[in-house]
Undergrad: 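Please find one structure pasted underneath; my questions will follow.
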Number of protein chains: 2
Amino acid sequence: MSDRTTMLNIATDLFWRKGYQATSMRDIQQALDLRPGSLYSRFQSKSELFEQVIVHYAEQILARLEQSALEKDGLEATRQMFIQELLKPEEQRYQRQCLLLNAMAESSKLEDRAAEALDDAMAKMLQGFIALAISLQQQNLLCSVTSVDKIGQWLQIQFVGLRNTAFVSRNDEDIVYFIDKLLIDLQHQWPHNG
Amino acid sequence: MSDRTTMLNIATDLFWRKGYQATSMRDIQQALDLRPGSLYSRFQSKSELFEQVIVHYAEQILARLEQSALEKDGLEATRQMFIQELLKPEEQRYQRQCLLLNAMAESSKLEDRAAEALDDAMAKMLQGFIALAISLQQQNLLCSVTSVDKIGQWLQIQFVGLRNTAFVSRNDEDIVYFIDKLLIDLQHQWPHNG
DNA sequence: GGGGCACCTGAACAGTTGTTCAATGGGGTG
DNA sequence: CACCCCATTGAACAACTGTTCAGGTGCCCC
C-alpha cells in the first residue's frame, strides 16, 4: 500500500504547500487513499507526524548543502545550489518558500516536541551552511580572518531573504542577478569587529 | 469604549504574535473585553478585519522607511532603522518577525480580498525600500549605474533574511555585525548585467 | 421626557478539526 | 477447517471555529 517513506513524502508536500494548521489529517488521508483512523496506526498524532516531516525535510536540505561543499569549484557550486533551490518551476513554486520558516510562523500552535524538532532542524540547516563556508575557505576563496560560523550564518541570511522574493517575484532574472551580487559580497570585505 | 484604532492595534498585536489562523475572533474579543458578536458591528468578518490589519501594518512600515529616507546621513539612518526593527527587546521579540511574511506562509487560508491586500502591502513595503535607495543615491553614496529598483529590492532581501535570524538568534551582537556587513556591500560593486 | 439610533449581548448554529474505538476482514498457523 | 492476530475501517465524539440574530442597553438630539 504505502510504505512509511511515501507517506512522509506526501505529508511533507501537503504541509509545505498549505502549512501546518491548514493541512488536516483528512487531507493527508485522502491523498494517501486511506480512511480516517488509519494514519493513527503509524503516527501517534498530527503533531508527531509533523515532527517527523520536519526531521525528514531538514535531512534533505542538509544533504543538499553538504553535497555542494564537496564540489571542486566552491563558488560555482554555491551558485548552482542557490539557483536550483530558488528557481523551482511554476508547478512547484511553493517549494521556493522554506517549510521550516513557514512552520516557525505557526510555532504558537506547535506542541513542545514539534517545536524542539523545529529548533533542531534550523540548527542542522545552519550547520550545512557552515560546512559550505568551511569548504569555500579551504579553497582559499574567502577572506581568511572572518570565522566560518559568521560566513555560514550570513549565507543562511541570504538564502532566507532570497527565498521570499523568489517566491513572490515574477521575474527570475532578477533572482539570478541577486545571486551574483551575493557571490561578489561573499568574497569581499567583512567588518572587523567579528 | 474602544475606538477603531485601538481595536486595530490590539488585533494587529494578536495576529502578529500568533498568526492568522491561530488567532480566533474570541481571542480578539477577549483582549478587547467584548462579547462574541460585538466585533461584527465594526468588521464584516475575520477576513476583513485581517485585511485592515495588513493595511494598517503596511502603512506603519512604509512611514518608517520614508522617514529614514528623509534623514541627512542616509547610511547611518539605514543602520539605525535596521537596528531598531531587528533588535526589539525580549518582550516584543515576536515583532522581529514580519507580519506580512507570516501571513504569506498562511496564504492558502486567506480569502481573495485579503490575499490582494497582502500583495498590495508587500508592494508598498518594496516601494519604501526603493524610496530609501533613491535617497541614498541622491546623496551620492552608491554606485550610480545600478538602478534604484534593484537596490531597493536588495535592501528588502537583506531585511527579510535578517529578520528571521534576529528572531531565532540569541546573540544580538551578531545581528549588528551583519548589518555592518550589509552597509559595506551596499556601497560596493554590483553585477553588470542588471 | 421621548424617540431613534448605534452599539452591545449571549445564546445558538453549522461546519471543521483531531482523535477514538468497537466492529470487521483477511492472512497465516496449528 | 478452525483459530488467532493485527491492520483497517468508518461512524462517532468533543472541542473549537466563524458567524448570526432577536432582544437589550445606553446615549444623543429634538
Side-chain angles (χ1 to χ4, degrees), chain A residues 1-8 10-54 102-103 105-118, chain B residues 1-54 99 102-103 105-118:
Chain A
M1 179 119 313
S2 309
D3 60 317
R4 197 181 171 89
T5 314
T6 61
M7 292 176 82
L8 270 184
I10 296 226
T12 301
D13 227 60
L14 281 172
F15 282 129
W16 204 344
R17 210 184 284 268
K18 313 189 356 169
Y20 175 64
Q21 296 170 89
T23 304
S24 71
M25 290 300 262
R26 282 172 178 80
D27 288 337
I28 300 171
Q29 285 149 9
Q30 213 162 345
L32 287 165
D33 194 29
L34 293 177
R35 252 46 57 189
S38 302
L39 263 183
Y40 287 86
S41 60
R42 312 231 201 179
F43 301 97
Q44 237 179 18
S45 64
K46 183 186 184 184
S47 181
E48 194 221 330
L49 170 56
F50 190 59
E51 195 184 316
Q52 311 230 16
V53 161
I54 286 176
N102 287 2
E106 299 188 76
S107 58
S108 73
K109 276 288 184 180
L110 294 183
E111 315 263 313
D112 290 348
R113 289 204 43 180
E116 282 173 33
L118 184 54
Chain B
M1 179 117 313
S2 310
D3 61 316
R4 199 181 171 88
T5 314
T6 61
M7 291 175 84
L8 270 185
N9 281 335
I10 296 226
T12 302
D13 227 60
L14 281 172
F15 282 129
W16 205 343
R17 210 185 284 269
K18 312 188 0 170
Y20 175 64
Q21 297 171 88
T23 304
S24 71
M25 290 299 263
R26 282 171 179 81
D27 288 337
I28 300 171
Q29 285 148 9
Q30 211 161 346
L32 287 165
D33 195 30
L34 294 176
R35 252 47 54 190
S38 302
L39 264 183
Y40 287 86
S41 61
R42 312 234 202 176
F43 301 96
Q44 234 177 22
S45 63
K46 183 186 183 184
S47 181
E48 195 222 329
L49 171 54
F50 190 59
E51 195 184 316
Q52 312 230 16
V53 161
I54 285 176
L99 189 147
N102 288 3
E106 298 187 78
S107 58
S108 73
K109 277 287 183 181
L110 293 183
E111 317 263 313
D112 289 348
R113 290 203 43 180
E116 281 173 33
L118 185 53

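Computed over heavy atoms, backbone and side chain alike; hydrogens, waters and symmetry mates excluded.
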Undergrad: Base, sugar-phosphate alone, or nothing: which one does T23(B) contact when heavy atoms must sit under 4.0 Å apart?
TA: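 Sugar-phosphate: the residue T23(B), judged by heavy atoms under 4.0 Å, touches backbone atoms but no base.
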Undergrad: Could you give the CD-to-C1' distance, from Q30(A) to dT16(C), as a whole number of Å?
TA: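 To the nearest whole Å, that distance equals 14 Å.
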Undergrad: Under 4.0 Å between a side-chain N/O of S41(B) and OP1 or OP2 of dC8(C), yes or no?
TA: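 Checking dC8(C) against S41(B), a side-chain N or O does come within under 4.0 Å of OP1 or OP2.
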Undergrad: Side chain of R35(B) only, please: which of dT9(C), dT17(D), dG18(C) is the nearest?
TA: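 Comparing dT9(C), dT17(D), dG18(C) against the side chain of R35(B), the answer is dT9(C).
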Undergrad: Please determine if a side-chain N or O atom of R42(B) lies less than 4.0 Å away from the OP1 or OP2 oxygen of dC8(C).
TA: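 Answer is yes, contact under 4.0 Å.
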Undergrad: Provide, to the nearest angstrom, the distance between the CE atom belonging to M25(B) and the C1' atom belonging to dG10(C).
TA: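 Whole-Å distance recorded here is 16 Å.
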Undergrad: When you measure from the side-chain N and O atoms of S38(B) to the phosphate of dT9(C), is any distance below 4.0 Å, counting only OP1 and OP2?
TA: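 The answer is yes; a side-chain N or O of S38(B) sits under 4.0 Å from OP1 or OP2.
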Undergrad: Mind calculating the distance between CD (Q21(A)) and P (dG18(D)) to the nearest angstrom?
TA: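 The answer, rounded to whole Å, is 11 Å.
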Undergrad: How many whole angstroms separate atom CD of Q44(B) from atom P of dC7(C)?
TA: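 Going from Q44(B) (CD) to dC7(C) (P), I get 14 Å.
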Undergrad: Out of dT9(D), dG18(D), dT20(C), which has the shortest distance to the side chain of Y40(A)?
TA: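 Shortest atom-to-atom distance from the side chain points to dT20(C).
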Undergrad: Measure up the Y20(B) and F50(B) rings against each other and bin them: parallel (under 30°), tilted (30 to 60°), perpendicular (over 60°).
TA: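 Aromatic pair Y20(B)/F50(B) classed tilted.
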Undergrad: In whole angstrom, give the distance that lies between atom CD of Q29(A) and atom C1' of dA7(D).
TA: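 One finds 15 Å between C1' of dA7(D) and CD of Q29(A), rounded.
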